[in-house]
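Note that ligands are numbered from 1 as they come in the structure, with each ligand's atoms numbered from 1 the same way.
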Amino acid sequence: MAGGKIKRSSGARLQGGIPFEKSKGQHILKNPALVDSIVDKAGLKPTDTVLEIGPGTGNLTKRLLEAGVKSVVAIELDPRMVLELNRRFQGTPLSSRLKVIQGDVLKCDLPYFDICVANIPYQISSPLTFKLLSHRPIFRCAVIMFQHEFAMRLVAKAGDSLYCRLSVNVQLLSRVSHLIKVGRNNFRPPPKVDSSVVRIEPRKPLPPVSFKEWDGLVRLCFNRKNKTLGSIFKQKKVLALLEKNYKTMQSLQLTSDAETGNEKMSVDDVALLAHMVDELNMETGEEKDDDEMEMDDADMVEEGRAFFKEKIMGILQQGDFAEKRASKLSQVDFLYLLSLFNNAGIHFS
Ligand SMILES: C[S@@+](CC[C@H](N)C(=O)[O-])C[C@H]1O[C@@H](n2cnc3c(N)ncnc32)[C@H](O)[C@@H]1O
């Protein structure tokens, strides 16, 4: 879970008197009943290799091992926590099934795992989520504690106020469900925000869509999520970008995968997710408001441009999208819209 805004508390110290570090999001789970219910909800199997991110002093780690899983691989950034963990488990029967890796989970290669169970530092929520979703082989599920608002963005559906690009992208790749709302007093030291435990189950197989294309479309639509698509796609900047992509495709005489029915999400495509996370990380759902004016026909000096604009508007009307807004479009709507564009040779990447 995240730490961002708490101050060091004089009561929040490791065994050796070392203070917890807010920059590392160190908030230890202190309620054993909550730890038990997180482990219960994970639905662990005896054959499972569990990935734990940020084990801290090992309160969750211990329960995971006691649940009888095959092994727990725990990745912890702070060497002081690694020492604390080793001290706690050394010489116990649990230690043979525990492997601790010291390092930054965002920078290291993830080991094989069946399931991820973690109470993470909030500041890595977005990059970690996409790192997990781009990991191969695909794992069974992840049960993760996030900051409550981030969790609500993950599970938000079309029409919800927190529905945003993060919701759409994560839900394209996985099924996300809210499991438990967790009050701040379950942690030592307590953070300033509430938390939520969420289950993320990667979709198998992944939807047959190019993620680059998908994100290109979704990004455009959510830039101004409460504007109609008709108005978004009339913007000069947007039309110019799409026309450029269109011409490039035409001049290269490329046949789009969509047209041949071969459009699908590749491993490379999904790996791109890991690189787009910063933009999503602090997404607030607020609309950008530049002064871009809509392109009206008078501005269309070239006949070709007017034709292109009509082509785009025709596609929107074909799917009855012109008057709709991104904030109200479901996954299926976005997939349909993307297929309409791609089939007409319009690309977003
Ligand atoms: C919220 S605490 C959770 C501790 C423990 N899992 C618990 O629930 O009591 C987050 C832990 O993640 C560690 N951490 C922070 N950033 C990390 C990173 N980038 N990679 C791995 N661990 C990290 C912190 O040092 C801390 O131990």
- Query: Just how far is it from atom CD1 of Ile315 to atom CD1 of Ile346, taken to the nearest 0.5 Å?
  - Reply: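 Ile315 atom CD1 to Ile346 atom CD1 measures 4.5 Å (nearest 0.5 Å).
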So which bit of [X] gets within less than 4.0 Å of ligand 1, heavy atoms only: side chain, backbone, both or neither?
X: Glu52; value: side chain
X: Leu29; value: both
X: Pro55; value: backbone

- What is the ring orientation for Tyr336 with Phe321, classed by angle as parallel under 30°, tilted 30 to 60°, or perpendicular over 60°?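 Tyr336 vs Phe321 ring planes: tilted.
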Closer than 4.0 angstrom: is that true for some heavy atom of [X] and an atom of ligand 1?
X: Ala118; answer: no
X: Leu60; answer: no
X: Ile75; answer: yes

- Query: Is the backbone N or O of Val50 less than 3.5 Å from a side-chain atom of Asp48, with the two atoms forming a donor-acceptor pair by type?
  - Reply: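 No; zero donor-acceptor contacts below 3.5 Å.
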Is the shortest N/O to N/O distance between [X] and ligand 1 below 3.5 Å?
X: Asp104; value: yes
X: Leu77; value: yes
X: Gly54; value: yes

Between [Y] and [X], do the side chains contain a donor N or O and an acceptor N or O under 3.5 Å apart?
X: Ser330; Y: Asp333; answer: yes
X: Asn59; Y: Arg88; answer: yes
X: His178; Y: Ser196; answer: yes

Counting each atom of ligand 1 from 1 as listed, which ones have a heavy atom of [X] under 4.0 Å away?
X: Gly103; result: 20 (N), 21 (C)
X: Gln26; result: 24 (C), 25 (O), 26 (C)
X: Asp78; result: 25 (O)

For [atom], which of [options] has the closest heavy atom?
atom: atom 25 (O) of ligand 1; options: Arg63, Lys24, Glu76; answer: Glu76
atom: atom 1 (C) of ligand 1; options: Pro79, Gly25, Gly58; answer: Gly25
atom: atom 20 (N) of ligand 1; options: Ile28, Val105, Asn119; answer: Val105

- Query: What closest approach, in Å, do Lys227 and Arg325 show between heavy atoms, and which atom pair accounts for it?
  - Reply: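 Looking at all heavy atoms of both residues, the closest pair is O-CG, 3.4 Å.
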- When you measure from the centre of the six-membered ring of Phe308, is the NZ or CZ of Lys311 under 6.0 Å away and within 45° of the axis?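 Not satisfied by the 6.0 Å and 45° rule.
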- Message: One thing to verify: whether Arg165 and Asp215 come together as a salt bridge, which I'm taking to mean a side-chain N less than 4.0 angstrom from a carboxylate O.
- Response: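 Looking at Asp215 and Arg165, the cut-off is met.
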- Side-chain touch Lys181/Val197, heavy atoms, less than 4.5 angstrom: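 No - every pair of side-chain heavy atoms lies 4.5 Å or more apart.
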